[in-house]
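Just so it is clear, the model here is predicted, and its values are computed rather than measured. Numbered from 1 within each chain, the chains take letters A, B, ... in sequence-line order.
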Protein chains: 2
Amino acid sequence: METLRERKKRRTRESLLRAALELFTSQGYERTTVDEIAEAVDVSQRTFFRYFAGKEDVALAVQKMTEAAFVAAVRARPAHEAPMQALRQAFLEGWDTIRETVESVVPVELYLRMYRTIESTPALLAAHLRRSAATEETIARVLAEREGVDVDTDPRPRLAVAVFGGVIRVSERRWCTSEDFGLESIRTLTAEYLDQVGSALTGNWRTG
Amino acid sequence: METLRERKKRRTRESLLRAALELFTSQGYERTTVDEIAEAVDVSQRTFFRYFAGKEDVALAVQKMTEAAFVAAVRARPAHEAPMQALRQAFLEGWDTIRETVESVVPVELYLRMYRTIESTPALLAAHLRRSAATEETIARVLAEREGVDVDTDPRPRLAVAVFGGVIRVSERRWCTSEDFGLESIRTLTAEYLDQVGSALTGNWRTG
DNA sequence: AGGTTAGTGACAGCCGCTGACAGTTGACAA
DNA sequence: TTGTCAACTGTCAGCGGCTGTCACTAACCT
């Protein structure tokens, strides 16, 4: 059961989040001030900073949620799966259930548009990459535990996750600049790229 | 031949750079203000911003140089080498010649210490990762041209570079937190990790 | 109903960064 | 050498992100 106070807090937070994303996606991240966001929700600037650590934080808040869902999905994968397979499945599963993950806070539509804003805003892209790096570290530990190896001496968990993350980023980037910017296309694109990693590494591309 | 004006400019720039790195590495990036850096060189804050785009910029200036050297090294690799092999050789070569690349501006010692500061400062790490992403894009294009494939339709150049970059970052991170933080150890570590990527991807780690 | 606590607004201030303008110093030709 | 022009610098004023402080209001809990 949720008390009135908690309900109010949640509503303010989500209002701020929605207003921020709406402004960021429509008029750009840099051209949006914190004052503007606060004004749109009719709270003081100070209050904004009580809910979010900063402008970057609110911009990446939803990504944070989906990343958490991804980590949880990796944890939930059956133990018999090979590492890379587990990552692949968890990732695709994340996109399948994206609606349930996100819609309670902001429309999925807005979330997708925000992805493009992040990718095209240097400051946000930097923050996003840093977050991704942190998530990769978490997943490396999950993987290490799953496989029963020591993450501090065996580099394989981190290497596998780094490679996976690299492929994901290439997919994301391609997807953001692509024309069919839909929920299905990111799934197929990522799956396709994951299949092609092998041939990209070993091999002479010229004999294609 | 260098005119007096140019000499003065170069000296101011390098003084600012050295002072900044010295302050960053000794008392921390966030605890160092731009005013402090300017004061250490006895110029106005405004002048600092005429030489560097910002605080981040000066912190990553040397990394920028070494990345440029790396890109050049990739370009100079013989055409018969396979893509991943070319990247590997160029990277190791970059560390072999690091002294010539860096010492004319700042002591290598300082450059190495700065690496650790970057890795342990969220804002700098974010900026560093963003720069790396940009460099990866450049290298993907170099590789594509080398191999005669179209970078816009063939994902393999970007995938290969992303994987390589991922391994590099794992190495760097490990190296920064390691005890033998020397010029040789990053070489051996990277080479070792590049060799292990294969087994990290394919394979069941539990049968080790 | 009344004391306690959580959440808010208003204000002051630091820091990174930028635009505008005036002063100074080196470059180059008369 | 001197005068002119361009480059470089300092000063000042100001914006936006962010934080500390403190008084005030609203919800919570007997």
Gap between atoms CZ and P, on B:F48 and C:dC17 respectively (whole Å): 7 Å
Positive for salt bridge (Lys or Arg N to Asp or Glu O under 4.0 Å) with A:E2, one of A:R10, A:K8, A:R11: A:R10
Selection from C:dG9, D:dT9, C:dG26 that lies nearest to any side-chain heavy atom of B:K8: C:dG26
Within residues 11-34 of chain B, residues whose heavy atoms come under 4.0 Å of DNA chain D: none
Integer-rounded Å distance: D:dC12 P and B:D35 CG: 14 Å
OP1 or OP2 of C:dG9 under 4.0 Å from side-chain N/O of A:T47: yes
d(CG, B:L4; C1', D:dA6) in whole Å: 15 Å
A:R156 with A:E147: basic N within carboxylate O range, under 4.0 Å: no
Distance in angstrom units between B:E36 CD and C:dC15 P, rounded: 9 Å
Spacing of B:K55 atom NZ relative to C:dC14 atom P, expressed in whole Å: 16 Å
Atom-to-atom span, CG of B:D57 to P of C:dT18 - whole angstrom: 11 Å
Phosphate contact (D:dC8 OP1 or OP2) by B:Y51 side-chain N/O below 4.0 Å: no
Crowding at CD, A:E39 (>12 non-hydrogen neighbours, <6.0 Å): no
Please tabulate, for side-chain N and O atoms in residues 100-112 of chain A, each donor-acceptor pair with protein atoms closer than 3.5 Å (sequence neighbours left out).
{"unit_1": "A:T101", "atom_1": "OG1", "unit_2": "A:T97", "atom_2": "O", "d": "2.9"}
{"unit_1": "A:E109", "atom_1": "OE1", "unit_2": "A:R113", "atom_2": "NE", "d": "3.3"}
{"unit_1": "A:Y111", "atom_1": "OH", "unit_2": "A:T66", "atom_2": "OG1", "d": "3.3"}

Throw together a table of side-chain donor-acceptor distances under 3.5 angstrom for residues 82-93 of chain A, partners on residues two or more places apart or in other chains.
{"unit_1": "A:Q85", "atom_1": "NE2", "unit_2": "A:Q89", "atom_2": "OE1", "d": "3.2"}
{"unit_1": "A:R88", "atom_1": "NH1", "unit_2": "A:D195", "atom_2": "OD1", "d": "3.0"}
{"unit_1": "A:R88", "atom_1": "NH2", "unit_2": "A:D195", "atom_2": "OD1", "d": "3.3"}
{"unit_1": "A:E93", "atom_1": "OE1", "unit_2": "A:R77", "atom_2": "NH2", "d": "2.8"}

Sole residue of A:T190, A:V170, A:L189 in side chain to side chain contact (heavy atoms under 4.5 Å, CB included) with A:W175: A:L189
Separation of atom CD in A:E39 from atom P in D:dG17, rounded to whole Å: 13 Å
Residues in contact with DNA chain D, drawn from residues 123-133 of chain A - heavy-atom cutoff 4.0 Å: none
Working for salt bridge (Lys or Arg N to Asp or Glu O under 4.0 Å), residues A:E136 and A:R158: CA-CA 8 Å; A:E136 285 182 19; A:R158 289 207 177 92; over 6 Å; no
Which residues share a side-chain contact (heavy atoms from CB on, under 4.5 Å) with B:T138, sequence neighbours left out: B:V71
Which nucleotide in D:dG10, C:dG7, D:dA7 has an atom nearest any side-chain atom of B:R5: D:dA7
Shortest non-hydrogen contact between B:A144 and B:P157, atoms and distance: CB-CG, 3.9 Å
Quick test: give all pairs of protein nitrogen or oxygen and nucleotides 19-24 of chain D nitrogen or oxygen below 3.5 Å, distance rounded to 0.1 Å.
{"unit_1": "D:dG20", "atom_1": "N7", "unit_2": "A:R46", "atom_2": "NE", "d": "3.4"}
{"unit_1": "D:dG20", "atom_1": "N7", "unit_2": "A:R46", "atom_2": "NH2", "d": "3.0"}
{"unit_1": "D:dG20", "atom_1": "O6", "unit_2": "A:R46", "atom_2": "NE", "d": "2.7"}

B:A79 versus B:R146, closest heavy-atom pair with distance: O-NH2, 3.9 Å
Exceeds 12 heavy-atom contacts within 6.0 angstrom, atom CG of B:D152: yes
Between C1' of D:dA27 and CD of A:E6, the distance in whole Å: 11 Å
Main-chain N/O of B:Y51 paired to B:K9 side chain as donor or acceptor, under 3.5 Å: no
side-chain N/O A:K9 vs C:dG7 OP1/OP2, d < 4.0 Å: yes
